[in-house]
A.B. asks: 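What follows is a structure written as C-alpha cells; I'll ask about it next.
The analysis underlying the following values was restricted to heavy atoms, covering all of them including side chains, and did not include hydrogens, waters or symmetry mates. Chain identifiers are assigned alphabetically (A, B, ...) following the order of the sequence lines, protein sequences preceding nucleic acid strands; residue numbering begins at 1 within each chain.
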Number of protein chains: 2
Amino acid sequence: MPQEFDIFRNLHERLVSGGFEHGAKLRAEVLREEFDCSASTVREALFRLSTLGLVDFQEQKGFRVPNRSPAKLIELTHMRILLESEGAVMSIRNGGIRWEAKMTAAHHQLSHIEKRISGADNRTEYIELWSDAEREFHQTLISACGSETLKEMHARIYAMFRQQLMVSDRRFGFISENIEHHAQILKAAISGSEQMTRQKIHDHLARHLTGMTLDA
Amino acid sequence: MPQEFDIFRNLHERLVSGGFEHGAKLRAEVLREEFDCSASTVREALFRLSTLGLVDFQEQKGFRVPNRSPAKLIELTHMRILLESEGAVMSIRNGGIRWEAKMTAAHHQLSHIEKRISGADNRTEYIELWSDAEREFHQTLISACGSETLKEMHARIYAMFRQQLMVSDRRFGFISENIEHHAQILKAAISGSEQMTRQKIHDHLARHLTGMTLDA
DNA sequence: TTATACTAAAATCTCGAAACTATTCGAAAT
DNA sequence: ATTTCGAATAGTTTCGAGATTTTAGTATAA
C-alpha cells in the first residue's frame, strides 16, 4: 500500500484547516516519525505541496508553513472572485436542470448546518462539518463550467485562501451575514441572471478585501 | 551546488518547448544518466512538474508527458483570456508611465524579431528567440497588475498552453496575423482603454478556440 | 561593545540498494 | 485458437546512511 499519497493528503488537510502554526518549520525528520516512514517520503510530499503553494520551500533551507499576510489574502480573494464568477456564469450557460438541482441540494445541506450552528452551545464541533459544506457549495457553483482546468485552479486558490484565514475567520466564518449571502447566490444562479450572480459572489467575498479583519 | 533545481528547470524548459513527444514515458532511471545524478533526485523534480500540470503522474505507473488534446488547449486558451485580460486591465490602472514604457520596450523587441524572421531563409534558428520575446511581451502585459498570485497562475497556464501546442504552432506562431495582434494589444493598452484591451487580447488568442488547427 | 573567524551541531540533500508492484511472455489448460 | 496462470523481467517506491550545507555558539581581535 503506497503511503506517500496518504501523507500528502494528511498534510494538505492540516495545512488548509489550520493544523500548523503560520510560519512553522516543517522538518521531514520530525514528520517522519509521526507517519512512520522515511524522511525522503515526507520530503516528496512536501515538495508537491510546495508547488501547490501550501508550503514554502527554499533551497538548502527546507520547508515552512507560509506566513499570513493581509495582502496575500486580498490577492486570493480577487482570484476567487474572478474564477468563481467566471465558473458560475459558465455553469449557468451549460449546467441545465441537473446543475440547478445540485445547487439547491448543496445549499440545502449547507443551510441546514448553518441553522444548527446558530442555536448550538458548542460551535466548535460543527466547524469541520460546516467547512466541508461550504466548500461543497462553492465547488458546485462552478462544477458545470465545462473546464477541468478552471475547477482545478479554483480548488488550489480556495485551499490557499483557507490557509490564509485567521483562526477566528475559520471558526466563525458561518456568521449570519454569510448565511444570507449563500441564499442570494443560489437565488441568482437559479434565476439564470449572470450579472446578479457575479454581483452576489463579489458581495459574499468582499469582506476579505479590506485587510481589516481581526484575529482571535 | 544543489542540482535538483537545475534538473527541474531543464525538464521544465524541454516540456514546454516540445523537447519530448506527447505521451512519452519519463523514466527516472533513464533521465538519471543524462543528468548524472540519482533516480531519486530526478523523481523529486518530476513530482514538482507533475503538480504544475506539465507531467502526468500515476501511482505505481510513473510519469508521462501529457497527451495533447484539443479540448485541453481550448480550456487553457479560455484561462489565458481570463487571466491576461484581468491582469492587463489591472496593469492599466496601476501601471503608470513605467509600465507603459516597459510595454513599448517589450513590443519593440518582439516586433524586431518578427520582422527579422519574415525575411529569413532559415526560420528555425529564430524560434527560441521569438518564443522568449513573445512570453516576455505577454508577461509584461500583466506585470503591473499588483497580484503575484495572478502572475504566477498565468505563468503556469502559459506553460501548459505552450506545451499543448502542436509542433507547427510552436514553430510558426509568428505568423503575420500575430504581428498585427501584438501591435494592437500594445496600442489598446497604452491608450488606457480597458474594453479595447480585453477585446484585442481575446482576438489574439481566439484562433486557438476552434480546436481546428492542424499539426505539421 | 562590535565585528570577524572559527568550530560544532543540526539540518538538508543525494545516493544506491532493497522492497514492492506492474507488466510481459510463454506454457498449460480449455 | 483463446484463455488462464505463473514465473521472469522491468519499473516504481521506500529506506537509511553518508555527503554537503546552513545555523548557532564561542572565542578572538578591532
A.B. asks: Looking at B:Ile142, is its backbone amide N or carbonyl O close enough to the side chain of B:Trp99 to form a donor-acceptor pair, meaning the two atoms are under 3.5 Å apart?
C.D. replies: no
A.B. asks: Without decimals, in angstroms, what is the distance between B:Leu26 CG and D:dA10 P?
C.D. replies: 20 Å
A.B. asks: Grab the CD-C1' distance between B:Gln58 and D:dG11 for me, whole Å please.
C.D. replies: 14 Å
A.B. asks: Measure the distance from CD1 on B:Ile7 to C1' on C:dC13 and round it to the nearest whole Å.
C.D. replies: 12 Å
A.B. asks: Let me know the distance between CD of A:Glu29 and P of D:dG16, rounded to the nearest Å.
C.D. replies: 10 Å
A.B. asks: Taking the six-membered ring for Trp, are B:His108 and B:His112 parallel (under 30°), tilted (30 to 60°) or perpendicular (over 60°)?
C.D. replies: parallel
A.B. asks: Whether B:Glu75 and B:Lys72 form a salt bridge (side-chain N of Lys/Arg under 4.0 Å from carboxylate O of Asp/Glu) is what I want to check.
C.D. replies: no
A.B. asks: Give the minimum heavy-atom separation between B:Ala88 and B:Thr197, together with the two atoms involved.
C.D. replies: CB-CG2, 3.9 Å
A.B. asks: Quick one: on DNA chain D, does A:Lys61 or A:Arg32 contact a more 5' nucleotide (nearest heavy atom)?
C.D. replies: A:Arg32
A.B. asks: Any salt bridge linking B:Arg48 with B:Glu4? Criterion: basic side-chain nitrogen under 4.0 Å from a carboxylate oxygen.
C.D. replies: yes
A.B. asks: Taking only the side-chain nitrogens and oxygens of B:Lys25, find out if one of them lies under 4.0 Å from OP1 or OP2 of C:dT23.
C.D. replies: no
A.B. asks: Roughly how many Å is it from CZ in B:Phe8 to C1' in C:dT14, rounded to a whole number?
C.D. replies: 18 Å
A.B. asks: Using a 4.0 Å cut-off on heavy atoms, which residues in residues 39-57 of chain A reach DNA chain C? List them by number, or say none.
C.D. replies: A:Arg43, A:Phe57
A.B. asks: Rounded to the Å, how far apart are A:Arg27 CZ and C:dC13 C1'?
C.D. replies: 16 Å
A.B. asks: Roughly how many Å is it from CG in B:Asp36 to P in C:dT14, rounded to a whole number?
C.D. replies: 13 Å
A.B. asks: Report the distance from atom CD of A:Glu59 to atom P of C:dC13, rounded to the nearest whole Å.
C.D. replies: 7 Å
A.B. asks: Give the minimum heavy-atom separation between A:His181 and A:Asp203, together with the two atoms involved.
C.D. replies: CE1-O, 3.8 Å
